[in-house]
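Quick note on labels: first sequence line is chain A, next is B, and so on, each numbered from 1.
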Amino acid sequence: MSENVFQPKIVAFLCNWCSYAGADLAGTSRTQYPPNVRIIRVPCSGRVDPLFALKAFQDGADGVMVLGCHPGDCHYQQGNYFAQRRYALMHRLLEFTGVESERLFVDWISASEGKKFAQVVTDFTERVRALGPVPIKRQTPALQEVSA
Amino acid sequence: MSALEEQIRSAARQYLENGDVSVVIGYERGPKGKVRPAFVHQADDAERLVWSPECNLNLVTYLHNYKHSPRRGVPVPRVAVVVRPCDARAVNLLLHEQQIKRENVKVIGVTCAGSEVDGELRQACTVCQERVPVIYDVLVEPEQPVEVPEAQDDYGDVAEMESWTPGERLEYWAKEFDRCIRCYACRQACPGCYCFECVAEQVFPHWTSIALELPEKYFFHVMRAFHLAGRCVGCDACEVVCPMDIPLSKLNRMLAKEVEALFGYHTGDDPETLPPLATFSPEERLRL
């Protein structure tokens, strides 16, 4: 990574059943993707409360990705449908309050789409890099404050 | 004493005399002449109740104090509450969310001509089409029917802000949120805000610190707005009680507009329809 360009911090919530396996496939097939992404494995995209994204922004993430199974493929039948509705509103709320909604990225990635995962992460990293640091970041990251 | 006040008092007196309810929640005039919420326990005290356009709070909030039995062997108290049409939809909201039981609540619905904030008609009231509550046990009506304004709510203020650039919007909200002192009055006044432990005060998980900085204030207000997405009835009680005059109704109205556009849902019109975030349609593909 070059020191001179802005390196965004990106938090990615991947559903255990599709997207995490997709990321795994990207890894095992040695597909290159930017190291800016920090992956968090969750049981389902329906588990990812939009407040997780808000908290991530607050604690220093410049972009948040929520990746789940394609509609109809959810391991729990309906989790991603609920997520879809929540994020549709959260996107608009972020946009309305002045945080670019592109910083919150929601997409569906199946276990066989390793290539798509790498592509999506690359594109998103570049978009967030262009946007710059998130404006609602805390000065002190939460963890440092607790341990201090 | 207006005809409305007379009807509210007689309804309250009747409920208390018959033992239908143990308390009537309405408004009274305080020692300095301002209206304030009143809790009437005795039939004789029903004379304290008043009604005027200054009654701009949402008394449904207080129903949360009467949800549980005070001690073992004592039934859940029955309550009567004076509501405007917007407040009445909050009653439907709480019924749907199983916070209250219909048989425990008597609704005294007031035919509303709009409420005033600081002597001026509330913005939302100038375009409000509903003058009669959707749910009531007693309807309080004036002698003259209330006129419905011709202007419909087109969410013009929200649309205008949406035409700004993200930078301008951030600047606007940073300026507004900067005044916030995090007194949580907005949350306390809201009938939809009844979490046992609010995210803003939770320590485990520690969502946000108590610092009075933009990130924390932003988190609190956006979190609260999102929790009310598809649940806000638009009574603007949060904005009325805000000591720093933060235009919170803009956040709520923006979400109400989106919820109406995306899901065709209007909060509290009936207690049966599922709110938008509690259901889904397998066919829909929303812009993400």
Side-chain angles (χ1 to χ4, degrees), chain A residues 45-46 49-60 65-68 70-74 77-108 131-132 134-146, chain B residues 158 161-162 164-177 199 203 205-209 211 213-230 250-259 261-263 275-288:
Chain A
S45 52
D49 190 326
L51 293 196
F52 288 7
L54 273 187
K55 172 129 178 85
F57 286 136
Q58 194 189 200
D59 288 350
M65 305 176 87
V66 180
L67 305 178
H70 283 271
D73 285 354
C74 179
Q77 320 296 335
Q78 49 193 19
N80 50 5
Y81 288 121
F82 284 117
Q84 181 182 225
R85 284 202 161 192
R86 286 174 202 152
Y87 282 99
L89 288 179
M90 195 45 156
H91 263 140
R92 288 156 173 82
L93 186 56
L94 282 178
E95 190 69 48
F96 188 69
T97 47
V99 174
E100 302 87 349
S101 61
E102 298 95 70
R103 292 184 187 274
L104 177 57
F105 180 79
V106 185
D107 204 355
W108 319 122
L131 287 172
V134 76
I136 48 164
K137 192 184 293 195
R138 283 155 51 101
Q139 297 306 310
T140 346
L143 281 176
Q144 279 179 21
E145 194 180 81
V146 170
Chain B
V158 176
M161 284 186 69
E162 282 171 343
W164 300 354
T165 64
E168 285 171 338
R169 279 195 296 267
L170 184 69
E171 200 182 332
Y172 173 83
W173 284 114
K175 205 168 127 248
E176 298 294 342
F177 290 158
V199 162
V203 176
H206 191 223
W207 288 94
T208 188
S209 89
E213 301 295 337
L214 176 65
E216 285 80 7
K217 292 172 183 176
Y218 181 92
F219 180 91
F220 172 68
H221 286 290
V222 174
M223 173 276 289
R224 209 183 85 80
F226 185 74
H227 276 180
L228 290 167
K250 284 212 166 62
L251 288 177
N252 294 327
R253 277 166 57 75
M254 172 264 158
L255 280 166
K257 172 178 170 250
E258 293 297 339
V259 163
L262 289 172
F263 312 117
L277 293 186
T279 182
F280 63 87
S281 130
E283 290 79 36
E284 76 188 352
R285 297 288 178 272
L286 305 170
R287 182 169 62 84
L288 287 169

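Once rounded to the nearest 0.5 Å, the distance linking OG1 of Thr208(B) with CG of Asp59(A) reads 8.0 Å. Note that the CD1 atom of Ile136(A) and the CZ atom of Phe177(B) stand 10.0 Å from one another [nearest 0.5 Å]. Expressed to the nearest 0.5 Å, how far CG of Leu262(B) lies from CG of Leu89(A) amounts to 6.0 Å. Taking CG from Leu93(A) and CZ from Phe226(B), the interatomic distance works out to 8.0 Å, rounded to the nearest 0.5 Å. The CG atom of Asn80(A) lies 8.5 Å from the CZ atom of Phe280(B); values are rounded to the nearest 0.5 Å.
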Run the side-chain contact (heavy atoms from CB on, under 4.5 Å) test on Thr279(B) and Arg85(A) for me, step by step, so that the C-alpha distance in whole Å, both residues' side-chain angles and the decisive distance to 0.1 Å come before the verdict.
CA-CA 9 Å; Thr279(B) 182; Arg85(A) 284 202 161 192; 3.7 Å; yes
Given Leu288(B) and Trp108(A), is the side-chain contact (heavy atoms from CB on, under 4.5 Å) satisfied, shown in steps?
CA-CA 11 Å; Leu288(B) 287 169; Trp108(A) 319 122; 3.7 Å; yes
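A search for side chain to side chain contact (heavy atoms under 4.5 Å, CB included) contacts involving Glu162(B) returns Phe96(A), Val158(B), Met254(B), Lys257(B), Glu258(B), not counting sequence neighbours. Considering only residues two or more places apart in sequence or on other chains, Arg285(B) meets the side chain to side chain contact (heavy atoms under 4.5 Å, CB included) condition with Pro71(A), Tyr81(A), Gln84(A).
Of the two parts of Phe57(A), neither the backbone nor the side chain holds a non-hydrogen atom closer than 4.5 Å to a non-hydrogen atom of chain B. At a 4.5 Å heavy-atom cutoff, the contact between Phe263(B) and chain A is made by side-chain atoms alone. For a residue to count as touching a neighbouring chain, one of its non-hydrogen atoms must lie under 4.5 Å from one of that chain's; by this rule His221(B) does not touch chain A. Using a 4.5 Å cut-off between heavy atoms, Ala211(B) does not touch chain A at all.
Of the listed residues (Glu100(A), Gln78(A), Lys137(A)), the one with the most heavy-atom contacts under 4.5 Å to chain B is Gln78(A). Across Leu104(A), Val106(A), Leu54(A), Thr97(A), the residue that shares the most heavy-atom pairs under 4.5 angstrom with chain B is Thr97(A). Counting heavy-atom pairs under 4.5 Å between each of Arg287(B), Glu171(B), Arg169(B) and chain A puts Arg169(B) at the top.
Pairing each heavy atom of Arg138(A) with each of Glu216(B), the nearest pair is NH1-OE2, 2.9 Å. Considering every non-hydrogen atom in both Leu286(B) and Ala88(A), the closest pair reads CD1-CB, 3.6 Å. Closest approach of Glu95(A) to Pro166(B), counting heavy atoms only: OE2-CG, 3.9 Å.
In this structure, the side chain of Lys55(A) does not engage the main chain of Phe219(B) through any donor-acceptor pair within 3.5 Å. Side chain of Arg92(A) to backbone of Leu255(B): no donor-acceptor contact under 3.5 angstrom is found.
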